[in-house]
Amino acid sequence: MELIECCKLLENLELIPVNIMDTPEKVEDFCEKYSIHSSQTLFNNNKIQEIFSQIDDYEFIHVSDSLKIHFLFAYCNDTPIIYGPYCTKLLSNNEISILLSSLKATDIDTATVARQRSRYTVKPQQNAQYYLNILISEVTGDSTVHVVKNIDLSPLARKKYEEQPSKDIAIKLVREHYANEQKLINSISEGNYTKAIETWHFLHNAVSYNNIGHTMEVARISAGITRTMLRIGASNAGLPAEINDYISGKSSQFMIHARSIDAIYMEHERLIKEYCDVISEYKNKNYSHLVLSIKYFIENEYDKPLSLEDIANDVSCSVSNLVHQFKRETGTTPIAYLNHIRMKAASDALTHTNDSIQDIASSVGILDSNYFVKCFKKEYDMTPSAYRSKFRNGPWGRG
């Protein structure tokens, strides 16, 4: 393949620019396109020519700049190439703030740098080198592996004495991080969803993912840390251990099988809301541990064909004690509450899906459709079909 074709193919596959730098105009375009801040001393013609002049046979020069953005310089059949920009790791807003402080860069803000860096593909250094080797081998027919020489153009690499302010800021940020972890725990203990979700987002944005190539694994580790804080907060609130364990365990299983980082992040938010809802009810209603456990079990297992014995076995009490305690604190029986939860779920399905009455009955744990109709009519004073006709909405509705 020709060089230009190979460069386009590699760029499309890896989403890292492959810049052919064989004219002054292309060098100028490169500098104008990728320069973010004046501290990036790479972006001038003299510096670029200087780096190319240092390349020996079968050698790449790896350049990292002041904003931790990376480039590989190489020759392919005497044609100068720059592979990049790319990043080898993501930086959190806090890390960018520390970096800019160390550079004494007061003329650019953290959000601007974060936005610009987010345009670049994140790739382990070894991977970038490997694919550039493949490109040159494909064009030249020579499969010799190039060695890599590193050049760090960051002023911090030459001014070690400037590191101390960075450490001072880092220590402050660590203290703030721990304070916000405690704030999250306290928010959960209070059942305060607004404060809890706000604090979690702050903590999440302060975390970077250093092990690029394993971001799902890192996201799951982060989820485990979050679950620990939520469990501590729930325990401090007095939430029964069996409910705490059930909520946390269910979320843990979801995280194990999640297939995207977005799904994991959404589960964080859902889990925080579930904890806050349960804890708020626990605090506001003053239910005993037993009744709260019964309610939680029913609300989360209503889609199964439950009996009083099933509920009693789950909360480790006798059926008579189950019925007596539950009715004394809630004013209704466990079975009546179970049917209430089932009919509430059924009503939602009737108005938001096209599922048949039989399928909806099964989805809420009732296999006998006649019994389902009887329960629904008792709850809403109309049949499921009449309810659907009256309240139906969504794209499958009447308009």
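- Contact check for Asn150 versus Ile61: no side-chain heavy atoms found under the 4.5 Å cut-off.
- Taking 4.5 Å as the limit, every side-chain heavy atom of Ser137 sits out of range of all side-chain heavy atoms of Asp142.
- When all heavy atoms of Gly191 and Ser280 are compared, the closest pair comes out as O-OG, 3.0 Å.
- Here CG of Leu239 is found 11.5 Å from CG of Leu230. Values are rounded to the nearest 0.5 Å.
- Between Glu5 and Lys8 there is no salt bridge, since none of the side-chain N atoms of the basic residue sits less than 4.0 Å from a carboxylate O of the acidic one.
- Gln54 CD: more than 12 foreign heavy atoms inside a 6.0 Å radius.
- Applying the ring-ring contact (aromatic ring centres under 6.0 Å, His included) criterion to Tyr58, with sequence neighbours excluded, gives His146.
- A distance-only check finds no donor-acceptor pair linking the side chain of Ser252 to the backbone of Gly249 [under 3.5 Å].
- Applying the ring-ring contact (aromatic ring centres under 6.0 Å, His included) definition to pairs two or more places apart or across chains, those involving residues 291-331 are Tyr246-Tyr296, Phe326-Tyr337.
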Candidate pair Lys33 and Asn19, rule side chain to side chain donor-acceptor pair (under 3.5 Å), full reasoning: CA-CA 11 Å; Lys33 184 174 183 180; Asn19 306 277; over 6 Å; no
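- Residues Ile264 and Met255 meet the side-chain proximity criterion, which asks for heavy atoms closer than 4.5 Å.
- Close placement of the Tyr282 and His289 rings is indicated, their centers lying within 6.0 Å of each other.
- Using the six-membered ring where Trp is involved, Phe376 and Tyr387 have ring planes that are perpendicular, over 60° apart on the 30 and 60° scheme.
- For Lys68 and Glu95, the salt-bridge test fails: no basic side-chain N is under 4.0 Å from an acidic carboxylate O.
- With rounding to the nearest 0.5 Å, the separation of OH in Tyr130 from CD in Gln125 is 15.5 Å.
- With values rounded to the nearest 0.5 angstrom, Ile151 atom CD1 is found 12.5 Å from Asp65 atom CG.
- Ile134 is connected to Ile16 through a chain of hydrophobic side-chain contacts under 4.5 Å among Ile, Leu, Val, Met, Phe, Trp and Tyr, so both are in one cluster.
- Side chains of Ile279 and Ser189 form no contact here, defined as non-hydrogen atoms less than 4.5 Å apart.
- Scanning for salt bridge (Lys or Arg N to Asp or Glu O under 4.0 Å) contacts around Glu267 gives Arg270, with sequence neighbours left out.
- For Phe73 and Phe60, the ring centers sit 6.0 Å or farther from each other.
- Remark: Asp22 engages Lys26 in a salt bridge, criterion side-chain N to carboxylate O under 4.0 Å.
- Ion pairing of Glu301 with Lys304 is present here, as a side-chain N (NZ or NE/NH1/NH2) and a carboxylate O approach within less than 4.0 Å.
- No side-chain heavy atom of Cys31 sits less than 4.5 Å from a side-chain heavy atom of Asn45.
- In this structure, a donor-acceptor pair under 3.5 Å is present between the side chains of Ser318 and Ser320.
- For Gln182, the side-chain hydrogen bond (donor to acceptor under 3.5 Å, both in side chains) partners at least two apart in sequence or on another chain are Asn186.
- Formation of a donor-acceptor pair under 3.5 Å by the Ser118 side chain with backbone atoms of Arg115 is found in this model.
- Atom NZ of Lys195 has more than 12 neighbouring heavy atoms from other residues, nucleotides or ligands inside a 6.0 Å radius.
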Please test Ser154 against Ser66 for side chain to side chain donor-acceptor pair (under 3.5 Å), starting from the C-alpha separation and ending with a verdict. CA-CA 4 Å; Ser154 170; Ser66 60; 5.8 Å; no
Candidate pair Glu274 and Tyr193, rule side chain to side chain donor-acceptor pair (under 3.5 Å), full reasoning: CA-CA 9 Å; Glu274 181 173 12; Tyr193 173 73; over 6 Å; no
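- Evaluation of the ring-ring contact (aromatic ring centres under 6.0 Å, His included) rule for Tyr287 yields no partner, not counting sequence neighbours.
- When side chains are defined from C-beta on, Val122 does not count as touching Tyr120, because their heavy atoms never get closer than 4.5 Å.
- A side-chain donor-acceptor contact under 3.5 Å links Glu11 to the backbone of Val18.
- Ionic pairing of Lys273 and Asp277 is present here: one or more N-O contacts between side-chain nitrogen and carboxylate oxygen are shorter than 4.0 angstrom.
- A centroid separation of less than 6.0 Å is found between the aromatic rings of Phe43 and Phe30.
- Counting heavy atoms from C-beta on, the side chains of Leu338 and Arg342 come closer than 4.5 Å.
- The shortest distance between side-chain heavy atoms of Ile51 and Leu42 falls below 4.5 Å.
- Residues that satisfy the ring-ring contact (aromatic ring centres under 6.0 Å, His included) test with His340, not counting sequence neighbours, are absent from this structure.
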Kindly indicate, with the supporting measurements, whether the criterion side chain to side chain donor-acceptor pair (under 3.5 Å) is fulfilled by Glu242 and Ser293. CA-CA 8 Å; Glu242 58 271 25; Ser293 296; 2.8 Å; yes
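- Distance check, rounded to the nearest 0.5 Å: CD of Glu198 to CD1 of Ile272 gives 11.5 Å.
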